[in-house]
Amino acid sequence: MDNLFGYQTGQTVFHRLTGSAKLIIFLLLTISGVLSFDIRYLLLLTVVALLGLWQARISWQRIRVIVILTVIFALLNLILIYVFAPQYGVHLFGSQHLILGSGPYALTQEQLLYEAMVLLKYLFSLPLALIFLFTTNPSQFSAGLNRIGVPYSVAYAVTITLRYIPNTQRQFFMIKKVQEARGYNISKKSSWTQKINGVVRILTTLIFSTLDQIDEVTQAMELRRFGKEKKRSWYYEQSFGKLDAIALILALGFLSLGIGLMVINQGRYWNPFA
């Protein structure tokens with residue numbers, strides 16, 4: 001119950017930023033990192049993102065599952081890239097420096113560099129997403145979205161989505177304990193068949209309870225004439241401050257650096273083998 005995936009209160013520099021500022025920073029850094037294939041720039045972004053994750057003081061227990069799943073997915077992606085395109089790095093950089101083996105599956109420095117760049121894209125984007133999710137109050141974030149021009153109906157839908165992440169997890173744990181109290185053992189000591197059956201029961205109950213909650217929230221919002229007016233007020237509305245301005249300037253600086261490297265490299269790729 002204490003390790004829910006979602007917003008957690010705190011007093012770090014990221015908690016003091018407004019939701020809209022964090023969204024803009026997240027988009028700027030993510031877009032610049034996705035567009036760039038300069039390993040020097042990706043390494044810089046990765047270091048900055050990991051330092052930011054450390055500064056945000058996010059508990060490892062809260063992010064352990066998502067980090068492990070992301071690492072597994074990233075490694076599988078790298079393996080599949082090598083299986084289906086083992087010489088893509090050679091084609092990309094226009095040279096071949098053998099490390100091991102021969103033939104189509106020969107291991108080259110170019111292929112390792114390309115796959116290292118793909119891995120770094122995961123390593124820098126995941127901490128940014130975690131910082132944004134764990135340090136952004138959903139109500140403040142929706143107010144910030146509306147402030148920068150997003151329709152308040154869309155902003156409120158985003159808020160409900162962010163709020164339902166920890167609520168859904170909480171319900172999952174509660175249903176799990178109820179199932180265990182009824183004799184369905186789905187602990188670590190149980191067999192895989194018991195675990196699968198238990199998870200199916202939990203998810204079935206969770207889906208139906210979630211649908212009931214969605215219906216209740218929809219009816220309550222309709223009764224309050226939600227969406228009938230063009231504007232609305234926000235209890236958690238925030239205004240941009242000095243800290244937001246500094247953070248945005250830094251993010252724009254990173255974006256400018258990425259664009260500058262693309263101009264110098266005459267493209268998105270930096271070729272150290274040229």
Side-chain angles (χ1 to χ4, degrees), residues 5 14 25-134 188 192 247 250-274:
F5 185 83
F14 295 104
I25 293 169
F26 171 73
L27 291 176
L28 289 177
L29 294 181
T30 302
I31 292 172
S32 63
V34 169
L35 291 177
S36 176
F37 277 88
D38 190 325
I39 195 168
R40 301 167 299 178
Y41 184 66
L42 293 176
L43 278 172
L44 176 62
L45 283 182
T46 301
V47 172
V48 171
L50 292 175
L51 288 175
L53 185 63
W54 172 77
Q55 177 63 33
R57 300 291 190 268
I58 300 173
S59 171
W60 165 248
Q61 295 298 325
R62 288 176 175 263
I63 63 175
R64 180 180 58 183
V65 174
I66 190 67
V67 170
I68 292 175
L69 290 176
T70 303
V71 169
I72 292 174
F73 178 81
L75 293 177
L76 287 175
N77 187 29
L78 295 179
I79 293 172
L80 291 175
I81 289 175
Y82 185 74
V83 170
F84 291 102
Q87 298 300 316
Y88 183 76
V90 174
H91 172 74
L92 185 65
F93 295 107
S95 61
Q96 186 180 46
H97 295 79
L98 288 174
I99 298 177
L100 184 66
S102 60
Y105 283 97
L107 185 61
T108 63
Q109 295 180 19
E110 289 80 0
Q111 185 69 18
L112 283 181
L113 178 62
Y114 171 71
E115 299 208 7
M117 290 188 292
V118 174
L119 179 61
L120 286 175
K121 289 180 180 291
Y122 287 100
L123 293 181
F124 92 83
S125 58
L126 178 61
L128 292 179
L130 292 175
I131 293 171
F132 178 74
L133 286 174
F134 279 90
K188 295 181 179 180
W192 280 102
L250 290 175
L252 288 172
F254 279 107
L255 178 63
S256 301
L257 176 61
I259 295 174
L261 288 174
M262 290 182 194
V263 173
I264 294 173
N265 298 331
Q266 297 181 347
R268 297 166 58 194
Y269 295 87
W270 174 61
N271 188 357
F273 305 102

Close side-chain approach of [X] to [Y], heavy-atom, < 4.5 Å:
| X | Y | value |
| --- | --- | --- |
| Gln96 | Val90 | yes |
| Leu45 | Leu123 | no |
| Phe132 | Ile25 | no |
| Phe37 | Lys121 | yes |
| Leu257 | Leu44 | yes |
| Ile81 | Asn77 | yes |
| Phe124 | Val48 | no |
| Phe254 | Leu28 | no |

Where [X] and [Y] come nearest, the two heavy atoms and their spacing:
| X | Y | value |
| --- | --- | --- |
| Tyr82 | Leu107 | OH-N, 3.9 Å |
| Val118 | Tyr122 | O-CD1, 3.3 Å |
| Leu42 | Gly33 | CD2-O, 3.5 Å |
| Ala49 | Ile131 | O-CD1, 4.0 Å |

Taking it one step at a time, do Thr108 and Ile99 satisfy side chain to side chain contact (heavy atoms under 4.5 Å, CB included)?
-> CA-CA 5 Å; Thr108 63; Ile99 298 177; 5.7 Å; no

Answer yes or no: is there a donor N or O on one side and an acceptor on the other, between the side chain of Gln111 and the main chain of Gly89, under 3.5 Å?
-> yes

Any donor-acceptor pair under 3.5 Å linking the side chain of Tyr41 with the backbone of Met262?
-> no

Residue pairs passing the salt bridge (Lys or Arg N to Asp or Glu O under 4.0 Å) test with at least one member in residues 257-271, sequence neighbours excluded, are none

Using distance alone, with no hydrogens and no angle criterion, decide if Ser36 and Tyr269 have a side-chain donor and acceptor under 3.5 Å apart.
-> no

No-hydrogen, no-angle side-chain donor-acceptor test under 3.5 Å, Glu110 and Ser95 | yes

Is there a side chain to side chain contact (heavy atoms under 4.5 Å, CB included) between Arg57 and Gln55 once you walk through the steps?
-> CA-CA 5 Å; Arg57 300 291 190 268; Gln55 177 63 33; 4.2 Å; yes

Evaluate whether atom [atom1] of [X] has more than 12 neighbouring non-hydrogen atoms of other residues, nucleotides or ligands under 6.0 angstrom away.
| X | atom1 | value |
| --- | --- | --- |
| His91 | NE2 | no |
| Phe73 | CZ | no |
| Trp60 | CH2 | yes |

Applying side-chain contact (heavy atoms from CB on, under 4.5 Å) to Arg40 and not counting sequence neighbours gives Asp38, Leu261, Asn265, Trp270

Which distance, rounded to the nearest 0.5 Å, do you find between the CD1 of Ile39 and the CG of Leu119?
-> 9.5 Å

CG of Leu112 to CE of Met117: how many Å apart, nearest 0.5 Å?
-> 11.0 Å

Residues Ile63, Ile66; criterion side chain to side chain contact (heavy atoms under 4.5 Å, CB included); working and verdict | CA-CA 6 Å; Ile63 63 175; Ile66 190 67; 4.1 Å; yes

